[in-house]
Structure formats: structure tokens, C-alpha cells
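Heavy atoms only: backbone and side chains are in, while hydrogens, waters and symmetry mates are out. Remember, it's a predicted structure, so these values are computed and weren't measured experimentally.
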Amino acid sequence: MPDISFRPFDTMLDEGLALKLLQNAVSGADDGELFLERRRAEALVFDDGRVSTASYDASEGFGLRAVCGAVTGYAHSSEISEPALRRAVATAQLAVGDGGGSLAIGPAPTNRRLYTDEDPIAGVSFAAKLDTLREIDAYTRALDPRVVQVSATISAALQEIEILRPDGTRMRDVRPMSRVNITVIVEENGRREQGSSGGGGRYGLQGLVAPGDWHPKAQEALRIALVNLGAIDAPAGVMDVVLGPGWPGILLHEAIGHGLEGDFNRKGSSAFAGLMGQRVAAPGVTVLDDGTLPDRRGSITIDDEGTPSARNVLIEDGILVGFMQDRQNARLMGVAPTGNGRRESYAHAPMPRMTNTYMLGGTANPDDIVADLKDGILAVGFGGGQVDITNGKFVFSCTEAYRVKNGKRGAALKGATLIGDGATALQHIRALGNDMALDPGMGNCGKAGQWVPVGVGQPTTLIGGLTVGGSSRA
């Protein structure tokens, strides 16, 4: 824990006065809350044999929201004080206007704890972090003479929030986050390639700075770099694709997950709008968003409106059964909130966002799925991508992929991209492995200019008829 916990109603605001001002702000509104936050973050980057970045950031503030119908009044300040709160109330009231709303019942509090409240920044000394970075650099370089550059990052953050509801309910959450990432560049015969590995979650740094944790990360980063060193140009054309387990679920997150968020469906801009209760995926496909997984990067004890997180089934055996909802969209759509109201910070209003989004496993042996692939590619690592929410069309670049012919894994591929649309890809899933896995804890999700940590996952998955972009003929 930090030396002094964030207790804004003990040191900065009178709780009774703050509640009265909040109630004034939401008079005639449907919903609203006072969200207070303190966040501290540290990142150390060791690059090419030296510390290239050492950053520390601390911020605190509040956001006041009043919601009337589909209109939101939001004001925020980095100064937690009565004068700042009064100014915020005046601003938020502009959205309410003449009112006419009926204040919604607030979320039920929870005593559940999904992660430690340990301070990951203070848990490991600055000197120990620097020593770990130097050790990572030396160890990774010693693994192979072709290593020409190593970049290692240790990052940690602690977010403390308080939520005051108009009924007087107070909710608190302390959210740790830590991560270690390693990138390796190798060179041979004038050709350079890179590989990366890393991960973390909502816990302290102690385990991550232990050699037993980062040794495998360094080895994996080097393995990927060496694979890419021998990669050939990817083919182009329409072919079957096998996606590996775990991190390739980022394609599921982007191409499908965003389309299942409540606001896009309420506004009719999602490719899944109007399809509730209909088949949207192949039989056997079940997709969940689950914020209740202990210690996971995307998990939250409560969301940023105070609603406890939940295990939400979105697609069940191929049928669309649910969307991810915050309180506003849930009310407007006549359904219950799902614990997905998230915001980047006190300076942002909440919106429906994913937590840990994944596809359940099937019964097939992963090796058999590859063995049954006559002509296609196996994609086990992904980098950046782009998605159009309105139609689900996506383009994703592969960081590790292989050509497969007659069930045999062949050469590694470079420059491979996967092109398609989420709705069609769901329908064309032909096999699901029994190896469902979550990613190692490295995902961030952007939406409307806000970034939040997320998790993804899936089993080995065979999708028929994706377009593969490459520079050679299939």
C-alpha cells in the first residue's frame, strides 16, 4: 500500500457537502456520480545497454457526471476542492436542463476482491529494478551471438478510486498493475529481425523481476526474432487460417468485441445491431467478457460507475445473447448493466468497454487441427490492426506465422496480414481446440480517445476463407 492512502473525504472534501452538491447536480437527471481518482505510474526502459527512459507520473482529480436520457453532462478537475466541485456542478447541470428524469437505483456494493491492493511501485526498490534490467540485457545477449540489441521495460502503476453515488453510497477500489516486456533484435548476413515477449497483471512486481519469470520471456523474444530471421514472403490469396491460442484472441477482441458493446448497438452502428437472439457464429462458438478473473490485466472488482464486474456471455453456441453495457446504455436499451462502464481516468466519462474477452475452447486436439489443414497458414502472433466497427472489416498484421501444406508446418512467413470481417469470420469457424488460453497480460484497448487495460484469449481456431495479404503468390 502507499504510505498515505487516497482518502479524499478525509483530507480534501467534506463528505456531507459533496453529497449535497452531487444531489443538486443530478436533480431531475436519470443517473450520475462523483468519481475521484489518484493514479501513480512508473516506467523504466533499458535500451541498447543503458537506461533510455525513467518516468514517473502522479495525478489526481475528480469527474462529476449527470445523465439525462441520452445526454451526459460531465465536468472534471485536477483540483479536489469544494470550489472546484461547485463549478463542476454548475457545468453538469446544463445537460440536465429542465430535468424530468427519474433517478435510477444505484449498483449494489460488493466485498469481493479480485486482486491485491499492494503498491507495485514501492514493492520493489528502484535499484532492484535497474539491476533486473541490466541482468535481462546481459542474459539475453548471452543467449545467441546474433543478438545485436535488447530493449527491456519494467512498468508499474497504482490507481485508487472512490465513487460517491447520489444515494450516499461510497465505493472504493485500489487497482495495481505491473508488466515486464522484452524486445530482441537479431542480425545475420545483413538482415535484421525482432521478437517481443512480455506480460503482467494486477499484482506486484516481485514475481515479475524474478529470473524464473523473465528468463522465459527473454527466450521467447529471441525465439520469435530467430524465426523471423528465416521467414520468407507471405503468400497472398484466400485460404484457411489456423489461429493459435491466447494472444491471437486480439483479433476476436477487435473484430468482434467492439461490435458487441452496448453503445454501438443502441445507435445501430454495429454490424451486430438488431441481431439479438439470432445465429451470428458457427455452432460451438461461445464468447464471453469476464471482468471477474483474479489478477488478470482486464479485471476490475467494480467498474468506473460502481457496478460489480461480471462474467457476461455474449455469444452462446453461436447465438447472440448479450451486449456489454454501462448504466446509461443499459437503461436506454431496457436491460441490466453488466459491469462494463469504464473510463481511462477522472478526466473521462465512462462508456461500455471490454474487460477480458475470450472464446471458450472446443474438443479438438490442436495438432489435429493443423494436420487437417490442406493449404493455408498458421498464425500464432499478432501486431497492430485496424477495424471498422460499422461492418466489422479488419486488417491485422502477423508477427509470427507459418505456411501449412498437407498438414505440415512449413516455412515461417513475413509480411502476412489477415483481412476479413468479424461477422463472416465467426460463421466460418470450423474447429476449436481444447487448449483455450488467455494472453500473458499485455493488452490495451483504445476507443473514442480513451485507453484501458484489457485481456484476450481463445483456443486454437480454424477459420475458413480468410484473405491473406502478402507479397508472393499462394
Side-chain angles (χ1 to χ4, degrees), residues 195 220 223-224 226-256 280-287 315 317-318 358-383 385 392-439 456-474:
E220 177 67 1
R223 183 194 68 80
I224 295 171
L226 294 177
V227 165
N228 289 327
L229 198 60
I232 63 174
D233 290 337
V238 177
M239 59 187 70
D240 296 343
V241 176
V242 174
L243 305 177
W247 177 244
I250 189 63
L251 193 151
L252 172 76
H253 167 103
E254 293 288 359
I256 298 160
V280 297
V285 174
T286 297
V287 178
I315 298 173
D317 196 20
Y358 57 94
M359 185 188 302
L360 294 184
T363 59
N365 184 302
D367 292 336
D368 292 341
I369 294 177
V370 176
D372 290 339
L373 185 59
K374 300 303 180 183
D375 187 12
I377 70 169
L378 168 65
V380 296
F382 284 92
K393 291 183 178 179
F394 60 81
V395 178
F396 273 87
S397 60
C398 301
T399 57
E400 183 182 0
Y402 302 88
R403 187 66 189 273
V404 178
K405 287 190 175 183
N406 296 317
K408 303 294 184 182
R409 180 192 295 195
L413 303 174
K414 65 176 181 178
T417 59
L418 301 186
I419 304 168
D421 71 86
T424 301
L426 280 175
Q427 298 278 4
H428 288 182
I429 291 176
R430 297 178 183 170
L432 295 172
N434 58 11
D435 58 344
M436 199 289 285
L438 297 171
D439 76 284
V456 300
Q458 67 172 40
T460 295
T461 304
L462 171 61
I463 303 178
L466 282 182
T467 298
V468 176
S471 54
S472 69
R473 292 193 175 187

Exercise. Looking at residues at least two apart in the chain, or sitting in another chain, which of them share a side chain to side chain donor-acceptor pair (under 3.5 Å) with Asp240?
Worked result: Arg430
Problem set entry | Closest non-hydrogen atom pair between Gly420 and Leu466, with its separation | CA-CD2, 4.5 Å
For this session: Determine whether Leu373 and Leu378 make a side-chain contact, defined as any pair of heavy atoms from C-beta on separated by less than 4.5 Å.
Result: no
Problem set entry | Pairwise side-chain contact, Val370 with Val404, heavy-atom cut-off 4.5 Å (strictly under) | yes
Exercise. Under a 4.5 Å cut-off applied to non-hydrogen side-chain atoms, are Lys393 and Ile419 in contact?
Worked result: no
Problem set entry | Over all atoms of both residues, closest heavy-atom pair of Gly383 and Phe396 | O-CD2, 4.4 Å
Exercise. Under a 4.5 Å cut-off applied to non-hydrogen side-chain atoms, are Asn434 and Thr363 in contact?
Worked result: no
For this session: Scan residues 417-426 for pairs that pass salt bridge (charged side-chain N to carboxylate O under 4.0 Å, His left out), counting only residues two or more places apart or in two chains.
Result: none
Exercise. Just one of Val280, Leu360, Thr286 clears the side-chain contact (heavy atoms from CB on, under 4.5 Å) bar with Ile315, so which one?
Worked result: Val280
Problem set entry | Heavy-atom closest contact (Ala282 atom, Ile429 atom, distance) | CB-O, 3.3 Å
Problem set entry | Non-hydrogen atoms of Leu432 and Pro459 that approach each other most closely | CD2-CG, 4.1 Å
Exercise. Does the side chain of Thr399 reach to within under 4.5 Å of the side chain of Ile224, using non-hydrogen atoms?
Worked result: no
For this session: Search all heavy atoms of Met436 against all heavy atoms of Gly457 and return the closest pair with its distance.
Result: SD-C, 4.5 Å
For this session: Could you pull out the closest heavy-atom pair between Cys398 and Leu418, with the gap in Å?
Result: SG-CG, 4.0 Å
Exercise. Are Asn228 and Lys414 side-chain neighbours, meaning at least one heavy-atom pair lies under 4.5 Å?
Worked result: no
